[in-house]
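Notes follow the structure.
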2 protein chains.
Amino acid sequence: MSSQNPERLVYSHVAELARAFGHEHRLKLLDLMSQGEWSLDELAKRSGISVANASQHLQTLRRVGVVTARRAGKNVLFSLADGPVFDAVVAMRALAERNIAEVRLAVTDYFGGLDDMEPVSLDEIRARMRDGNVVLLDVRDEAEYRQGHLPGAIHIASDELEASLSRLPRDREVIAYCRGRYCILSSDAVALLRRNGFRSRRLEDGYAEWKAANRSEASDETTGLRTG
Amino acid sequence: MSSQNPERLVYSHVAELARAFGHEHRLKLLDLMSQGEWSLDELAKRSGISVANASQHLQTLRRVGVVTARRAGKNVLFSLADGPVFDAVVAMRALAERNIAEVRLAVTDYFGGLDDMEPVSLDEIRARMRDGNVVLLDVRDEAEYRQGHLPGAIHIASDELEASLSRLPRDREVIAYCRGRYCILSSDAVALLRRNGFRSRRLEDGYAEWKAANRSEASDETTGLRTG
DNA sequence: GATACATTCAATTGAACAATTGAATGTATC
DNA sequence: GATACATTCAATTGTTCAATTGAATGTATC
């Protein structure tokens, strides 16, 4: 028993939210935070923009309630807020991939690739991990892996992969993953592994999507990957 | 074998897409088109903005591929493009409803309402339509109803409802729906019906959401509502 | 309490966007 | 083919947003 027309109120906020998503740098920052929490300095470094600029974009995201911050020592750590934040990004990405030809082409070009490059889905990897006939390989950097990773995944950062091939089995398929759907690290890793005689494919989605999916499924204990 | 880093390309397009959603008028236009196709004149009238202004916003939406247009007689009819356009709007709305307190309050205030006002879900109505113990009532205007409606729904425009109460049964619950989740017509209709001694509740989502859901479920013949 | 350092604020400049107006285009109908 | 009318284009003005810089704040650590 207060506001008059809810539609206008809702849409003015939705529009504000959409504008908050409407900048490349902010999408990149959200992408980074989908891996865990980071200081401003770290976010600036990883996104390749200045500290002041990153700070302002982060404030924009905080203002609309999609990013939260907490202090830890002398740093403030930024992370995605609770709620379906990443899901909204995913919905926009899905729309872009479906309706914008240039995006569709770039993605299939890069990731859909050759027939035997057919990426593996999260559902598929679940079953195959149970059977134990695959190795899950996380090729993100150390800090990202430490903040969280798929159950049962081993970690070799992409820039150390070539020197660490002996740690990988040749009798099982190596499924590589990285930050998310549009991260090229795992794609490059698969190419490297194949050049060296391994059987390898890419996980279609990455840590970000896995985490978002497991968040939505709340605390349903049966949904995570199991190492066996 | 063309573009370098797909991430930046994807995100620049996603950002453009997000900005296209980032205006109240455009969200309203998308809302209207979620009911069907309309001429520019009709869209301007229904959204309450000038024809020239509506045209420009529609061009913005066409440019990013979320709206299409076809000529019919002396009018151009605008409609949502194929693909998960409405789904993206829904994801943003869900985020706003969850993360922005003002929105959450306004919505529960208006639609969540009293205990026995508990809105009915699309899933629930499916089962109850089969049992035949409810009447589905579409209170949108004639033109909207004609462009498409839920299977089995009867139509009484909201501004004719009070004069047409005799057409409704008193021994079954009347489930009213309108354009979508944030449309107040069905909410008002429920209030009117209750004042006149009917048992009545509101469908939580409206035609837009139903149509989007049935579109996603492709041509799965088992998913629509059945009249019996 | 003083220092160091991470983050935020404030002020500036340039660029992009929103709305309005009036003219121009293009298609149907006569 | 001429006319009527729906839609789009072009030009304008005011507003909002992006990025940079340098100063200011605030918290941890010594």
Side-chain angles (χ1 to χ4, degrees), chain A residues 8 11-33 36-81 143, chain B residues 8 11-30 32-33 36-79 81 143:
Chain A
R8 295 206 42 190
Y11 278 152
S12 80
H13 280 282
V14 171
E16 196 183 356
L17 210 43
R19 283 193 300 269
F21 285 117
H23 196 286
E24 204 179 326
H25 289 172
R26 288 196 288 270
L27 291 173
K28 178 64 189 174
L29 289 168
L30 290 171
D31 206 56
L32 290 167
M33 287 181 279
E37 49 180 15
W38 307 101
S39 69
L40 173 63
D41 192 60
E42 194 73 27
L43 284 170
K45 213 174 296 168
R46 286 171 181 263
S47 63
I49 61 180
S50 76
V51 166
N53 196 2
S55 174
Q56 292 201 146
H57 284 304
L58 286 167
Q59 294 312 317
T60 302
L61 292 169
R62 284 179 77 176
R63 219 174 297 129
V64 297
V66 301
V67 160
T68 54
R70 70 179 185 92
R71 183 164 277 276
K74 52 198 318 186
N75 288 322
V76 173
L77 299 182
F78 296 86
S79 56
L80 295 191
Chain B
R8 295 204 44 191
Y11 279 151
S12 79
H13 281 283
V14 172
E16 196 184 356
L17 210 43
R19 282 195 300 271
F21 285 117
H23 197 286
E24 206 178 326
H25 288 172
R26 288 196 288 269
L27 290 173
K28 178 64 189 175
L29 289 169
L30 290 171
L32 290 168
M33 286 181 281
E37 50 180 13
W38 306 100
S39 68
L40 172 63
D41 192 61
E42 195 73 28
L43 285 169
K45 212 173 297 169
R46 286 171 181 263
S47 61
I49 61 181
S50 77
V51 166
N53 196 4
S55 174
Q56 291 202 144
H57 284 305
L58 287 166
Q59 293 313 317
T60 302
L61 292 169
R62 284 178 78 175
R63 218 174 297 130
V64 297
V66 300
V67 160
T68 54
R70 71 178 184 92
R71 182 166 278 276
K74 51 198 315 185
N75 289 321
V76 173
L77 299 183
F78 297 86
S79 56

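All chains are named by letter (A, B, ...) in the order of the sequence lines, taking the proteins before the strands, and each is independently numbered beginning at 1.
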note: A/Leu77, atom CG; C/dA6, atom P; distance rounded to Å ~ 13 Å
Separation of C/dA19 atom P from B/Gln59 atom CD, nearest Å, is 15 Å
Shortest non-hydrogen pair, B/Ala15 vs A/Leu27, comes out as N-CD1, 3.6 Å
Here the distance between atom P of D/dT29 and atom CZ of A/Arg71, to the nearest Å, is 10 Å
Notebook entry, point to check: Would a 4.5 Å heavy-atom cut-off, applied to side chains only, mark A/Leu80 and A/Leu30 as touching?
Noted result: yes
Going 5' to 3' through nucleotides 11-23 of chain D and flagging B where a protein heavy-atom sits under 4.0 Å of the base, S where only the sugar-phosphate is that close, and - otherwise, we get ------SSBBB--
Between CG of B/Leu58 and P of C/dC17 the distance, given in whole Å, is 17 Å
Q. So, A/Arg26 side chain and A/His57 main chain: donor-acceptor pair closer than 3.5 Å or not?
A. no
Compare side-chain N and O positions of B/Ser55 against OP1 and OP2 of D/dT8 and report whether any pair is under 4.0 Å apart.
yes
In this structure, CD of B/Glu24 is separated from CD of A/Glu16 (nearest 0.5 Å) by 11.0 Å
CG of B/Leu29 to CZ of B/Phe78, rounded to nearest 0.5 Å, is 9.5 Å
Between CZ of B/Phe78 and C1' of D/dT7 the distance, given in whole Å, is 7 Å
Atom CD of A/Glu16 and atom P of C/dC17 are separated, to the nearest Å, by 18 Å
With the side chain counted from C-beta on, respond yes when B/Met33 and B/Leu43 share a heavy-atom pair under 4.5 Å apart, and no when they do not.
yes
Pairs under 3.5 Å (Watson-Crick or G-U), crossing ones as [ ], inter-strand ones as |: DNA chain D comes out as ||||||||||||||||||||||||||||||
In this structure, OG1 of B/Thr60 is separated from NE2 of B/His25 (nearest 0.5 Å) by 12.5 Å
When rounded to whole Å, the CD to C1' distance for the pair A/Glu42 and C/dA6 reads 13 Å
Distance col, row B/Leu77:CG vs B/Arg71:CZ, nearest 0.5 angstrom, shows 9.5 Å
A/Lys74 NZ to C/dT8 P, in whole Å, measures 15 Å
message: Just so I know, are the side chains of A/Asp41 and A/Val51 near enough to count as touching, which here means a heavy-atom distance under 4.5 Å?
response: yes
Taking for B/Val76 and for A/Ala72 the nucleotide of DNA chain D with the nearest heavy atom, the one nearer the 5' end belongs to B/Val76
